[in-house]
Amino acid sequence: MWEYLVYSYILIPVFALFYLILRRPFLILVSKYYKHYYKALSLYDCKLIYDAIEEMEKAIEINSKDWKAYSSL
């Protein structure tokens with residue numbers, strides 16, 4: 001019985017780490033909104049402001065209820 005408890009203390013942080021690492025690529029593959037959202041953020045990091053604005057507006061057109069796109073814009 002105690003072995004399972006020890007394994008859970010080890011496995012839960014490992015799964016949490018994998019979730020944090022794989023969350024962004026998974027969201028980009030699944031959702032068009034996140035594809036445009038993260039592309040706009042990367043364009044902004046590269047100092048391509050006008051391209052980032054266009055991508056963020058595309059993300060807002062897809063999902064107008066998410067506050068992150070509005071605050072990033």
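Just so it is clear, the model here is predicted, and its values are computed rather than measured.
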Exercise for the section: Nearest 0.5 Å please: distance from the OH atom of Tyr33 over to the NZ atom of Lys65. Expected result: 13.0 Å
Problem - Approximate separation, where rounding is to 0.5 Å, of Lys35 NZ and Glu55 CD - result: 8.5 Å
Practice task
Please answer: with hydrophobic residues joined when any side-chain heavy atoms are less than 4.5 Å apart, are Ile62 and Ile60 in the same cluster?
Solution key: yes
Exercise for the section: Run the numbers on Tyr37 and Ser31 for side chain to side chain contact (heavy atoms under 4.5 Å, CB included), then give the verdict. Expected result: CA-CA 10 Å; Tyr37 178 76; Ser31 174; over 6 Å; no
Problem - Step-by-step side chain to side chain contact (heavy atoms under 4.5 Å, CB included) determination, Tyr44 to Leu41 - result: CA-CA 5 Å; Tyr44 179 75; Leu41 293 181; 5.6 Å; no
Problem - Hydrophobic cluster membership, Leu43 vs Tyr38, 4.5 Å side-chain cutoff - result: no
Practice task
Salt-bridge test for Lys58 and Glu61: reply yes if a basic N is under 4.0 Å from a carboxylate O, no otherwise.
Solution key: no
Exercise for the section: For Ser42 and Lys39, indicate whether the former's side chain and the latter's backbone hold a donor-acceptor pair under 3.5 Å. Expected result: yes
Handout entry: Donor-acceptor pair, side chain of Tyr70 and main chain of Ser64, under 3.5 angstrom
Key = yes
Handout entry: Trp67-Leu73 co-clustered via ILVMFWY side chain contacts under 4.5 Å
Key = no
